Amino acid sequence: MNIPGQPAAKKATAGISGPCCTFANIYQNKISIRTMIVSKIREAVDQTLNQLFAEQLAGCTYQIGPTKPEFEGDYTVVLFSLAKPLRKSPDALGQELGQALVEKHVHFFSGFNVIKGFLNLTITDSYWLDLLLLYSADTTFGRHPKNGRKVMVEYSSPNTNKPLHLGHLRNNFLGWSIAEILKAGGYEVIKSCIVNDRGIHICKSMIAWVRYANGATPSSTGIKGDHFVGDFYVRFNEAYKQEMESLIAGGMSKEQAEKEAPIFKEAQQMLVDWEAGDPEVMRIWKLMNGWVYDGFDQTYKRIGSDFDHTYFESDTYLLGKKMVEEGLNKGVFQKREDGSVSIDLTADGLDEKIVQRKDGTAVYITQDIGLAIEKYHQYKCDESIYVVGDEQNYHFKVLKLICEKLGLPSAEGIYHLSYGMVELPTGKMKSREGTVVDADDLIDEMVRISAAHTEELGKVKDFNDQELQELYHMLGLGALKFFLLRVDPKKKMIFNPEESIDFHGFTGPFVQYTHARIRSILRKEKPDESASVSMSLLPLEKSLLLLLERFSTVIEQSVAEHNPSLIAIYVFELAKMFNSFYTEHSVTNAESMDKKQLRLRLCRMTANVILSGMALLGISVPERM
RNA sequence: GGUUCCGUAGCUCAGUUGGAUAGAGCAACAGCCUUCUAAGCUGUGGGUCCCGCGUUCGAAUCGCGGCGGAAUCACCA
C-alpha cells in the first residue's frame, strides 16, 4: 500500500476525540482556505526565508510536494537548491526554517523534521477540519472561477462513409472530457465537430450503392444507417479489386489498372458531377449522408457526445478556396506552371505543400484553412483545440504555419491535441483484414458484461427493468470510458479484444462502486449540520482530506496538460483511499457521536468529489450497484 | 533517407517536470464477509527503468552516441 504523500503507515494518534468546533465559527476562514495548500506553504516559506536571509535570496527556486508515505509529515520542502546560495548545509537550513515556520504559523504548521535535505512539514488538524467543514457539502468544490477565456474543442470528426470504431471512441471521450475539464478550469467552452462529408471516398460508397443496392435502404434492411453505408464502401473496394485483377490479367500494369478500373472512373466522374451540383448526384449524396447521420446520432446519444456546433466540409472547402486566392495576392502562395497552388515551407524545416490541385479543386488542408477562419469569425475563441490523432501531427504543423503566414488572427490559438492510436496486440486495426473493433459492437459487449456481473452479484434485485437497463449502460460505458481515458492521451495504447475490459482494480466500475458504497451510508444517515465534530484526525481520515484538498490542483494540471488521465488517476486514488478508510473505520457505528459526524462529512465530501471527478470524464456514478 | 514520438515488473500503465528505498492495476500466491455493499480490504513474490558515456550534491527524468519500435514526409482524408 503506497499512496503518494500519505502517511498511511503512521501510528494512530488517538482514538478519543478532542475539542469540537461548528460550521459557523470558522466561516471566516473560507477565503483563506480556498487558496491551494501548496501555494499557502510556499507563501509562508518565502516570507520566512526573506526574514531570515533577506539579501541572498534573489532568484532562488525550490520544490514543494506531498511527503512520501514512509516519512513523518504532510508536505515537503526540498532544500538542496537553497543550500548553496545561502551558504548553509541543507540540514542546518532545514532546522532553522522549520523552527521559524512552526513558531510563526502555529495555526498552520504543527511540526517538522529534517531528513537528508528534505524539510517535512506537518499541517495542523484544524486546517484539514476547516476544509472539511467548509466544503463537504459543496458540489462545486475544486472547480475554478471563470477566467474570461473562451476555447473551442473540435473532436470526433467522422467520415460519412464508415461507422465509428474504437479509435473514434478514444477521440470522442477525450474531446468531451477535455471540454468538461476546461469548463471546470474556468473556461467558456464551445464543442464542435467537423463532418468530412465530401470527397472521392464518399463517392465510392455512393457508386457502390447505385450499382448494387437495388434501392435497398437502412429501413428496408433493418441495418443501422452508418453501417449500411459503410457496407457499400466495403463493397466498392471489393468490386474495385476484382476489376483491377481482371485488367491486370488482360495485360495491364498495376498502376494503370488502378486508374483505369471502370468503377474507379465512375467515382471520379461522380466527384466532378458533385462539385458541379448535378441534381441526381446531390440527391443520392443527401439521401445517403442522411442515413449515416441517423446512425451517428444513435451512437453519439449512447456515448454521450454532443456538440454546440457542427461544421460540414462541404461548406468550409469553399471558404478555403477563397483564402487560396488571398494567399496568392499576398504572395504567401505560389502558382506553379501546371496551375496548382503551393506554399514553400522549407525555410521552416518542412516541405513544399500543395494547397490547391491543378484542376482547381480543394485538398484536405484547404478546407481546414477555411474552417479555421469560419470558427474564429463565428466565436472569436482565444484557443482552438483540435482533437485529432497523432498521425496528423505534420498536417497541423503545416496548418498553423499557413494560418500564421496568412496573418489570420486565429493562428496563434491553434492547438493540436494529438493522441496516440488505439492498437490491437497484433498491430494497427485494418478494415481490409476485418480487425476493426466496431464502436457499437464494443458498447453492446460492455453493457452485456456489466449486466452479467450485476446479475451474478444480485445486489439490485428490486430494480425494475428500466432501472436495470440504465445501470448496465452506466457501468458498461463507465468501464469503457475509464479504460480509454486513464492513459496519457499522447501515448498510443493497446486494446486486447480477447481479454474483456476489467471491472476490478484501476477501472471505472471500481470508482462507481465506491460511490455506491458511500451513498449507501448516507441513505441511512446524513451529517447533522448543527452537531459538533471531532477535532482530532486519525491517519486515514487525514489522508482522505489531504487527497480531497488536491482535487483543485489536479484540475488545474489537467487543464494545463490537456490531459484527462490525471483526473482518472486521481479519482482512482481517492476511491482506493476511501475503501481503506471504509474497511478500517465504521461510520454509522463510530466510537463517538462527533467522530460519526466527522466521518459522515468525509463520506459526503468524498462522494461529491468522486461524482464531479467522474463527470469530468463523462462517466456517471450510480446510487446503488 | 529527413523529421517527430516512444522503450519502466509476465501483461496494461503511473512516476508531481532533476529529489528520499522506482509505484499501481491485472495475472500468481496467502489471508479477511453473524458489523455501514467482498465490483472491496490486507499481505507475499515479481525490476540491468533498452544499452553505453556524459552533466552534478542527486538521473527513469537532462545531453550525446548506439539498438529496437511507431508515425509522417500525397495534387488521400
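Note on naming: letters A, B, ... go to the chains in the order of the sequence lines (proteins, then strands), and numbering restarts at 1 for each one. We use all heavy atoms of the structure for the numbers below, so side chains are in, but hydrogens, waters and symmetry mates are not. Nothing here was measured: the structure is a model prediction, and the numbers come from that model.
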What pairs of nitrogen or oxygen atoms, one from the protein and one from nucleotides 60-64 of chain B, lie under 3.5 Å apart?
none

**Asked** Taking the C1' atom of each, how far is A74(B) from U55(B), in whole Å?
**Response** 43 Å
**Message:** With a 4.0 Å limit, can you tell me whether Thr588(A) has a side-chain N or O closer than that to the phosphate oxygens OP1/OP2 of C36(B)?
**Reply:** no
**Prompt:** Does Arg357(A) place a side-chain N or O at less than 4.0 Å from the phosphate oxygens OP1/OP2 of A77(B)?
**Reply:** yes
**Prompt:** Out of C36(B), G40(B), C13(B), which has the shortest distance to the side chain of Lys524(A)?
**Reply:** C36(B)
**Message:** I need the Lys84(A) NZ to Ser89(A) OG distance, nearest 0.5 Å.
**Reply:** 14.0 Å
**Asked** If you check every side-chain atom of Val487(A), which of A14(B), A77(B), C41(B) has the closest atom?
**Response** A14(B)
**Item:** Listed nucleotide nearest any side-chain atom of Val363(A), set C75(B), C36(B), A24(B)
**Value:** C75(B)
**Asked** Within the side chain of Trp274(A), is there an N or O that forms a donor-acceptor pair under 3.5 Å with the backbone of Trp285(A)?
**Response** no
**Item:** Between C1' of C73(B) and NZ of Lys353(A), the distance in whole Å
**Value:** 8 Å
**Separation between the C1' atoms of A60(B) and A14(B), rounded to whole Å** = 12 Å
**Prompt:** Reckon Lys491(A) has a side-chain N or O less than 4.0 Å from the OP1 or OP2 of C13(B)?
**Reply:** no
**Request:** From the options A77(B), A20(B), C41(B), select the nucleotide whose nearest atom is closest to the side chain of Lys116(A).
**Result:** A20(B)
